[in-house]
Amino acid sequence: MSESTTPSSTVLLRRGEVHSPADPFATAMVVERGQVAWVGSEGAADAFADGVDEVIDLDGALVTPAFTDAHVHTTATGLALTGLDLSAAPTREAALALVRDFAAARPEDRVLLGHGWDAARWPDGQPPTRAELDAATGGRPLYLSRIDVHSAVVTTALLDLAPGGLPRGDGPLTGDAHHAVRAAALGAVTPAQRAGAQRAALAHAASLGIGTVHECAGPEISSEDDLTGLLRLSAEEPGPRVIGYWAEQDVDKARELGAVGAAGDLFVDGSLGSHTACLHQPYADAGHTGTAHLDADAVAAHVVACTEAGLQAGFHAIGDAAVTAVVEGVRAAADKIGLTRVRAARHRIEHAEMLTPETVAAFAELGLTASVQPAFDALWGGEDGMYARRLGAERARTLNPFAALLRAGVPLAFGSDSPVTPLDPWGTVRAAAFHRTAEHRVSVRAAFTAHTRGGWRAIGRDDAGVLVPGVPADYAVWRTGELVVQAPDDRVARWSTDPRSGTPGLPDLTPGRDLPVCLRTVVGGRTVFVRPGE
């Protein structure tokens, strides 16, 4: 496969499998001026062969719509890719050893950045102390975010760079203290380092068949310069397109920054891992109910302001009390300005993990999109997982009810929340199809749709995320095994040649099988990734 494809080229892809609702048995596709122009059979493709700029022989490869990751922190992802990754550290001592090695290898860095520690998975259950980190870094500024990015451990030198009055104990910093030290750490990153991290993250996304990312930025997460720089880089350089969200209750600021919504990680609460998700009943392993940042009145005011401004509103809500506050607030907004207007705006809820039948029904009633992360269940679900330790097994089994959301007609958009969990689209689809709680599983086809078309629908585009004539030519080419139709109960049906079935196949994602390998990613007709040697 060559790398010459540009938006102005006319390209014929043939001798493969094209995943298209226009023709479930398509083996060829024509792309012209950045759009899909035709999909069909190999025999019919001969008619186009002489009038195209390039012919790509797929050699049996699968062509699908490019994935959309509906929740990404791009710069943080890039810094994790190029910085210190503690996600595989099996113990606190191993994590400290990695910190020492990283500090020795990066003498020029003004601040040391790391991510991914999870004390809940370590034998002693304890994060590193500040004294241990001071010793490991030789007294240099260090910021280490927990895997959920809702708390961090830092060195004394970083506290000295942050505003005064922050806690000086050994425990992880949460809430406003965490936001302050994160701002201090990221403030020490140079513009060149930031741009390099953004390029690294987008290049990695492209290598995984991701054509679009929804950047969830905000004043407590990154910075205005970070968002505008990322949007500018995406517009000027080949790569995945970036859709920006700005998490602040300032509609004018979101519009000024080029965001499509004052949404994303606008915090109603925190996370389960950090004991800051807001619950109706106390944590099983802590004597409190978490942290509330916004109440129903604040949610209602924000939804009204965004709806009237023609922007999306959206909120980070994980705990059941936080989700209740959002639902009550959105319903109050609908009572004030009309349900039809609120539904048409397609406001979003990020994460939405602790749902009840009543809040699921409310999501459907109010037209809310659930922007969710199936990898959370793969990482923290199950009878012995972090969710069960935080909530008890009974409450933990109710989390992330994807099947119930789909049955109710709630739009789903899948994402990673990277760097909380890695960019991994097929792994995300697998996690939803093989949810640790069987009743919450969805079919591979439904999960794939949520990770492709669902991301486009979440920004108000119903005409994209599929391969049919007239849509943007955002697609990925995959080396994969036999195509199947896979149901939520793990059954697979081998590819049928009966045209009455009308169901395009997808890779068999049964756990233990290899995931597809991306060979090429194209965004708007422009090739943004080709695997070396292809």
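Residues: numbered from 1 along the sequence shown.
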Students often mix this up, so state it plainly: with edges at 30° and 60°, are the rings of [X] and [Y] parallel, tilted or perpendicular?
X: His440; Y: His435; value: perpendicular
X: His73; Y: His71; value: perpendicular
X: Trp117; Y: Trp122; value: tilted

Arg436 charged N/C atom sitting above Tyr387 aromatic ring, 6.0 Å / 45°: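 Pair Arg436/Tyr387 does not count as cation-pi.
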- prompt: Would Glu224 and Lys253 pass as an ion pair if we require N to O under 4.0 Å?
  reply: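 Yes, this pair counts.
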field: Steps toward side chain to side chain contact (heavy atoms under 4.5 Å, CB included) verdict (Leu79, Tyr143)
entry: CA-CA 12 Å; Leu79 289 171; Tyr143 169 85; over 6 Å; no
message: If we check ring pair (Phe, Tyr, Trp, His ring centres under 6.0 Å) with Phe414, which of these qualifies: Phe402, Phe448, Trp426, Trp456?
response: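 When ring pair (Phe, Tyr, Trp, His ring centres under 6.0 Å) is applied between Phe414 and each of Phe402, Phe448, Trp426, Trp456, only Phe402 qualifies.
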Working to the nearest 0.5 angstrom, can you tell me the gap between [X] [atom1] and [Y] [atom2]?
X: Leu98; Y: Asp85; atom1: CG; atom2: CG; value: 9.0 Å
X: Ser416; Y: His451; atom1: OG; atom2: NE2; value: 7.0 Å
X: Glu215; Y: Thr75; atom1: CD; atom2: OG1; value: 6.0 Å
X: Glu256; Y: Trp246; atom1: CD; atom2: CH2; value: 10.0 Å
X: Leu257; Y: Leu230; atom1: CG; atom2: CG; value: 12.0 Å
X: Glu350; Y: Phe267; atom1: CD; atom2: CZ; value: 10.5 Å

Can you see which heavy atom on [X] is nearest to which on [Y], and at what distance?
X: Gly319; Y: Leu279; answer: CA-CD2, 3.9 Å
X: Asn400; Y: His351; answer: OD1-O, 4.4 Å
X: Gly209; Y: Thr521; answer: CA-OG1, 3.4 Å
X: Ala162; Y: Val181; answer: CB-CG1, 4.3 Å
X: Ser271; Y: Ile318; answer: CA-CD1, 4.1 Å
X: Arg430; Y: Thr510; answer: NH2-O, 3.5 Å

query: Counting heavy atoms not belonging to Arg389, are there more than 12 under 6.0 Å from its CZ?
result: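 It does: Arg389 CZ has more than 12 such atoms within range.
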query: Do Leu379 and Ile147 pass the side chain to side chain contact (heavy atoms under 4.5 Å, CB included) test, and can you show the C-alpha distance, the side-chain angles, and the key distance before you say yes or no?
result: CA-CA 11 Å; Leu379 185 60; Ile147 191 168; 3.6 Å; yes
Please set out all donor-acceptor pairs under 3.5 angstrom arising from side-chain atoms of residues 169-177, sequence neighbours excluded.
unit_1 : atom_1 : unit_2 : atom_2 : d
Asp170 : OD1    : Arg130 : N      : 3.1

task: Determine, step by step, whether His178 and Arg146 satisfy the side-chain hydrogen bond (donor to acceptor under 3.5 Å, both in side chains) criterion, reporting the C-alpha distance in whole Å, the side-chain angles of both residues, the deciding distance to 0.1 Å, and the verdict.
output: CA-CA 11 Å; His178 175 225; Arg146 189 185 181 277; over 6 Å; no
message: With side chain to side chain contact (heavy atoms under 4.5 Å, CB included) as the criterion, how do His316 and Asp269 come out once you've worked through the C-alpha distance, each side chain's angles and the decisive distance to 0.1 Å?
response: CA-CA 7 Å; His316 164 120; Asp269 68 345; 3.4 Å; yes
- prompt: Do the side-chain N and O atoms of Ser145 and Arg182 include a donor-acceptor pair separated by under 3.5 angstrom?
  reply: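 The criterion, which ignores hydrogens and geometry beyond distance, is not satisfied for Arg182 and Ser145.
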message: Assess the residue pair Thr77 and Thr74 against the criterion (side-chain hydrogen bond (donor to acceptor under 3.5 Å, both in side chains)); give the C-alpha distance rounded to whole Å, side-chain angles, the decisive distance to 0.1 Å, and a yes or no.
response: CA-CA 5 Å; Thr77 297; Thr74 306; over 6 Å; no
task: Might you work through the side chain to side chain contact (heavy atoms under 4.5 Å, CB included) test for Leu86 and Phe102, ending with a clear yes or no?
output: CA-CA 11 Å; Leu86 297 177; Phe102 186 75; over 6 Å; no
Is any side-chain heavy atom of [X] less than 4.5 Å from a side-chain heavy atom of [Y]?
X: Thr155; Y: Arg140; value: no
X: Val99; Y: Leu142; value: yes
X: Leu159; Y: Arg168; value: yes
X: Gln373; Y: Ser371; value: yes

